[in-house]
Amino acid sequence: QVQLGESGGGLVQSGGSLKLSCAASGRTFSSYGMGWFRQAPGREREFVAAISRSGSNTAYADSVKDRFTISRDNAKNTVYLQMNSLKPGDTAVYYCAAARVEYIYAVVISAYEYDYWGQGTQVTVSS
């Protein structure tokens, strides 16, 4: 069992930056591929970024590529999402998720493959 808790959301002006953190409970954090998803009002949850167990491989949605960076610190059981050049279209509740994977370099993109989810943190970007 893994419990996830996001933090770092808030209100920011267009062009600004935020860094989200997701802290995981338990001793097996390095066994999980991690991902960030977001859901805006009236829209489906969508993939944002993912990182492999090792941290060496990452993947991004086209809409955030070159603006967002996902990283992890296995010693701190934490995954991060650095968000730069934020746009009003980035406004959403952001969720982190954990997927149990065997291959340490695998990056999980599909929400259906994730086993655990956090409660989410609100990010609002004003124009």
Side-chain angles (χ1 to χ4, degrees):
Q1 188 85 14
V2 174
Q3 293 186 325
L4 304 172
E6 303 94 336
S7 62
L11 173 64
V12 64
Q13 289 188 334
S14 181
S17 298
L18 281 175
K19 186 173 185 178
L20 306 183
S21 299
C22 174
S25 65
R27 301 180 181 178
T28 59
F29 178 72
S30 60
S31 299
Y32 292 87
M34 299 298 295
W36 286 95
F37 291 76
R38 67 186 182 186
Q39 187 168 18
R43 301 186 66 176
E44 294 186 353
R45 190 171 298 190
E46 65 174 357
F47 168 75
V48 175
I51 190 166
S52 62
R53 287 174 51 192
S54 66
S56 60
N57 290 357
T58 58
Y60 297 91
D62 288 343
S63 59
V64 307
K65 201 171 293 183
D66 299 326
R67 299 189 298 123
F68 291 10
T69 302
I70 188 171
S71 61
R72 67 187 295 163
D73 186 337
N74 286 344
K76 295 183 178 180
N77 284 11
T78 302
V79 63
Y80 306 95
L81 186 67
Q82 176 67 48
M83 306 185 295
N84 299 328
S85 302
L86 283 161
K87 307 173 181 180
D90 295 318
T91 295
V93 177
Y94 283 71
Y95 300 89
C96 71
R100 189 70 184 249
V101 291
E102 291 192 9
Y103 186 48
I104 64 171
Y105 301 115
V107 178
V108 182
I109 295 176
S110 172
Y112 295 103
E113 296 186 60
Y114 280 88
D115 302 296
Y116 302 101
W117 294 82
Q119 293 299 308
T121 185
Q122 176 70 47
V123 171
T124 303
V125 184
S126 63
S127 57

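FYI, the numbering just counts along the sequence from 1.
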Expected list for residues 98-118: side-chain donor-acceptor pairs under 3.5 angstrom, two or more places apart:
residue : atom : partner : partner atom : Å
Ser110  : OG   : Tyr112  : N            : 3.2
Tyr114  : OH   : Val108  : O            : 2.6
Asp115  : OD2  : Arg100  : N            : 2.8

Distance in Å, [X] [atom1] paired with [Y] [atom2], rounded so as to fall on 0.5 Å steps:
| X | Y | atom1 | atom2 | result |
| --- | --- | --- | --- | --- |
| Tyr95 | Trp36 | OH | CH2 | 12.0 Å |
| Ser52 | Asn57 | OG | CG | 4.5 Å |
| Cys22 | Glu6 | SG | CD | 5.0 Å |
| Ser85 | Arg67 | OG | CZ | 7.0 Å |
| Met34 | Thr58 | CE | OG1 | 14.5 Å |
| Gln122 | Gln39 | CD | CD | 11.0 Å |

[Y] and [X], any side-chain heavy atoms less than 4.5 Å apart:
| X | Y | answer |
| --- | --- | --- |
| Val79 | Leu81 | no |
| Ile70 | Val48 | no |
| Ser54 | Arg72 | no |
| Val93 | Arg38 | no |

Taking all heavy atoms of [X] and all of [Y], pick out the closest pair and write down the distance.
| X | Y | value |
| --- | --- | --- |
| Ser17 | Asn84 | OG-OD1, 3.0 Å |
| Leu18 | Gly8 | CD2-O, 3.8 Å |
| Ser71 | Ile51 | CA-CD1, 3.6 Å |
| Ser127 | Pro88 | CB-CG, 3.9 Å |
| Ala24 | Val2 | CB-CG1, 4.1 Å |

*asked:* Cation-pi check for Phe29 against Arg53: NZ or CZ below 6.0 Å from the six-membered ring centre and within 45 degrees of the axis, yes or no?
replied: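 No.
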
*Under the side chain to side chain donor-acceptor pair (under 3.5 Å) criterion, do Thr78 and Asp73 qualify, and how do the steps go?*
CA-CA 5 Å; Thr78 302; Asp73 186 337; over 6 Å; no

*asked:* Tell me whether the count of non-hydrogen atoms from other residues, nucleotides or ligands lying under 6.0 Å of CD in Gln3 goes above 12.
replied: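 Check fails, neighbour count at 12 or below.
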
*Has the side chain of Thr91 got a donor or acceptor atom that lies under 3.5 Å from a matching backbone atom of Thr124?*
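A pair under 3.5 Å: no.
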
_One thing to verify: whether Lys87 and Asp90 come together as a salt bridge, which I'm taking to mean a side-chain N less than 4.0 angstrom from a carboxylate O._
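Between Lys87 and Asp90 there is no salt bridge, as every charged N stays at least 4.0 Å from the carboxylate O atoms.
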
*Could you tell me which residues satisfy side chain to side chain contact (heavy atoms under 4.5 Å, CB included) with Ser7, sequence neighbours excluded, listed by chain and number?*
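Checked Ser7 against side chain to side chain contact (heavy atoms under 4.5 Å, CB included); matches are Ser21.
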
*Qualifying ring-ring contact (aromatic ring centres under 6.0 Å, His included) pairs with a residue from residues 46-79, counting only residues at least two apart or across chains*: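 Those involving residues 46-79 are Phe37-Phe47.
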
